[in-house]
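Structure first, then comments.
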Amino acid sequence: METADAGSRYVELGDARVPYLLGGDDLFAGAAAGLRADRWIVVGADAPALRPLTARIADLLGRYAPVERIAVGDAEAAKSLATVSAVCAAAIERGASRGSVLVAVGGGTVGNIAGLCAALLFRGIRLVQVPTTLIGMSDVVLSQKQGVNLGGVKNGIGTYYRPELIWADPACLDTLPPREIQAAQAEIIKNALILTPEQIPVLRGLLRPDGRYGTAELRTFIELAVAAKAPVLRADPRERRSALVLEYGHTLGHALEVLSGGRLSHGFGVAAGLRAAARVAGRLGLLDGEHVALHDRLLAAAGLPLTLPAEVDAAATRPALAAQLLRDNKRGYLPLPAGRIPMVLITAPGVAATTGDLPLTGVDLDLALDAFEDTRTVAAAAVRPA
Ligand SMILES: NC(=O)c1ccc[n+]([C@@H]2O[C@H](COP(=O)([O-])OP(=O)(O)OC[C@H]3O[C@@H](n4cnc5c(N)ncnc54)[C@H](O)[C@@H]3O)[C@@H](O)[C@H]2O)c1
């Protein structure tokens with residue numbers, strides 16, 4: 001991410017530069033006016049905490065063009081083709097045209113749903129992302145991946161679609177529950193472990209187990225995440241080669257999310273997936289015990305649990321996990337024999353294990369499942385201060 005001044009910067013996705021505004025309404029108003037929309041289609045999370053923000057945005061945009069508001073659910077179950085179809089139909093019915101701009105207001109769930117809608121409506125209308133969660137601001141909007149769940153596969157259907165503009169107001173994180181802040185920190189810790197180990201001491205100094213931070217600290221987390229992701233997104237904007245490192249912790253994480261039926265949030269799934277991936281690398285002799293324990297210590301420092309909620313733990317039986325891992329969306333990058341799955345692993349902080357030029361390793365399914373079992377035994381050493 002390239003910074004022009006305190007509030008405006010660009011995210012580079014390959015050759016494209018997307019303005020990322022970090023600040024209050026004034027910043028957004030000026031940029032929105034420049035889009036010259038014939039109509040704004042504001043797709044907002046139907047969550048009580050977000051209604052005032054969506055109303056404020058609708059008022060602000062209404063100065064420039066008519067506004068149509070479409071509310072969507074933001075539980076993981078809403079991330080479906082049925083929701084995409086309903087939003088697109090409503091947008092068309094309310095007069096959307098090729099000159100309209102779809103504005104997504106909400107967390108990653110709404111961002112992914114609305115992003116796919118923008119890509120599909122009339123084969124693509126302009127998209128503005130207004131993330132309202134820390135994971136949205138520090139992770140989701142820095143990716144062109146738009147998609148919804150299908151056939152029991154997380155993000156089973158989707159496409160790549162770039163927003164015209166991203167606007168995040170860190171002040172709107174004031175209403176976000178600490179759990180959601182902690183969920184985002186799983187991705188921020190992931191970035192540090194696989195991309196930017198130099199951020200680890202910084203995180204050690206910043207992370208607090210209660211998940212309560214001031215706006216300036218939250219802004220720092222966003223800056224750390226974008227600094228970590230910027231080089232990989234510039235080099236591999238479709239996240240199909242070198243940027244696959246961003247999937248670290250997501251193999252077991254996605255499987256657990258799906259098995260939990262949406263009860264486990266994405267970030268908490270990634271946290272569990274990071275612990276499992278570290279133990280896979282440990283069992284393969286790729287990563288030493290101290291670095292395996294570092295995963296647990298950083299996650300614990302952020303207040304992320306080292307155990308799964310009882311109902312999720314019960315659902316994560318060996319056969320259920322095995323079935324889910326065999327449907328992982330990274331399959332097909334590596335030619336692997338039956339019974340092996342592709343995983344992102346590290347050999348040291350900041351160093352991904354590779355096969356050819358891909359940061360993936362074929363892992364025996366049973367070994368992956370054994371490593372997940374290892375995560376159920378929390379070593380006392382793991383919860384020392386980070
Ligand atoms: N590359 C990508 O596209 C990418 C990356 C990471 C995650 N994701 C996806 O993002 C989704 C998770 O996103 P998320 O963690 O933002 O969760 P989310 O969108 O489900 O939001 C979490 C909760 O926070 C509430 N909320 C949102 N903003 C709020 C605010 N300002 N104040 C109070 N409450 C607020 C929501 O109503 C919801 O209950 C997952 O579906 C995941 O797959 C996508």
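In each ligand, atom 1 is the first atom listed, and ligand 1 is the first ligand listed.
Below 4.0 Å from some heavy atom of Lys145 lie the following atoms of ligand 1, by number and element: 1 (N), 3 (O). Interface of Ala47 with ligand 1, defined as ligand atoms under 4.0 Å from a residue heavy atom, comprises 37 (O). The atoms of ligand 1 that sit less than 4.0 Å from any heavy atom of Ser143 are 1 (N). Near Glu76, meaning under 4.0 Å from any of its heavy atoms, are these atoms of ligand 1: 40 (C), 41 (O). Numbered from 1 in the order shown, with element, the atoms of ligand 1 that lie under 4.0 Å from a heavy atom of Ile135 read 13 (O), 14 (P), 15 (O), 16 (O). Per-residue contacts place Asp139 under 4.0 angstrom from the following atoms of ligand 1 (heavy atoms of the residue considered): 5 (C), 6 (C). Below 4.0 Å from some heavy atom of Lys154 lie the following atoms of ligand 1, by number and element: 40 (C), 41 (O), 42 (C), 43 (O). For ligand 1, the atoms closer than 4.0 angstrom to any heavy atom of Lys79 are 9 (C), 40 (C), 41 (O), 42 (C), 43 (O).
By the 4.0 Å N-to-carboxylate-O rule, Glu373 lies too far from Arg279 to be salt-bridged with it. A salt bridge between Glu239 and Lys229 is absent, with no side-chain N of the basic residue lying under 4.0 Å from a carboxylate O of the acidic one. Salt bridge status for Asp46 with Arg69: absent, with no side-chain N to carboxylate O gap under 4.0 Å. Salt-bridge formation is not detected for the pair Glu76/Arg263: no Lys NZ or Arg NE/NH1/NH2 atom is positioned less than 4.0 Å from an Asp or Glu carboxylate oxygen. The pair Arg283-Asp366 does not meet the salt-bridge criterion, since no charged nitrogen lies less than 4.0 angstrom from a carboxylate oxygen. In summary, Glu247 and Lys145 engage in a salt bridge, as defined by a charged side-chain N under 4.0 Å from a carboxylate O.
In the candidate list Asn112, Leu53, Val105, Asn112 is nearest to atom 9 (C) of ligand 1, counting heavy atoms.
Between the side chains of Tyr160 and Arg240, at least one donor N or O lies within less than 3.5 Å of an accepting N or O.
Within the cation-pi definition used here (under 6.0 Å to the ring centroid, within 45° of the axis), Arg98 does not qualify as a partner of Phe122. With Phe268 as the aromatic partner, Arg179 meets the cation-pi criteria of under 6.0 angstrom to the ring centre and within 45 degrees of the ring axis.
Looking at atom 22 (C) of ligand 1, its nearest protein heavy atom turns out to be Glu180 OE1, 3.4 Å. Summary of contacts: the protein heavy atom closest to atom 28 (N) of ligand 1 is Thr132 OG1, 2.8 Å. Nearest to atom 4 (C) of ligand 1 among the protein's heavy atoms is Val140 CG2, 3.8 Å. Here the heavy atom of the protein found nearest to atom 33 (C) of ligand 1 is Thr175 O, 3.2 Å. For atom 38 (C) of ligand 1, the nearest non-hydrogen atom of the protein is Asp74 OD2, 3.5 Å. Protein heavy atom closest to atom 29 (C) of ligand 1, with residue, atom name and distance, is Leu176 CD1, 3.4 Å. Thr109 OG1, 2.8 Å is the protein heavy atom nearest to atom 20 (O) of ligand 1. Remark: minimum distance from atom 27 (C) of ligand 1 to any protein heavy atom is reached at Thr133 CG2, 3.3 Å.
Within a 6.0 Å radius of CG in Asp15, other residues, nucleotides and ligands contribute 12 heavy atoms or fewer. By the 6.0 Å contact criterion, CZ on Arg36 is open, its count of non-hydrogen atoms from other residues, nucleotides or ligands being 12 or less.
No donor-acceptor pair closer than 3.5 Å links the side chain of Thr361 to the backbone N or O of Val363.
Checking only distances, Gly108 does come within under 3.5 Å of ligand 1, N or O to N or O. Considering backbone and side-chain atoms together, Cys172 places an N or O closer than 3.5 Å to an N or O of ligand 1.
Residue contacts with ligand 1 for Leu50 involve side-chain atoms from C-beta outward but no N, CA, C or O (heavy atoms, distance under 4.0 Å).
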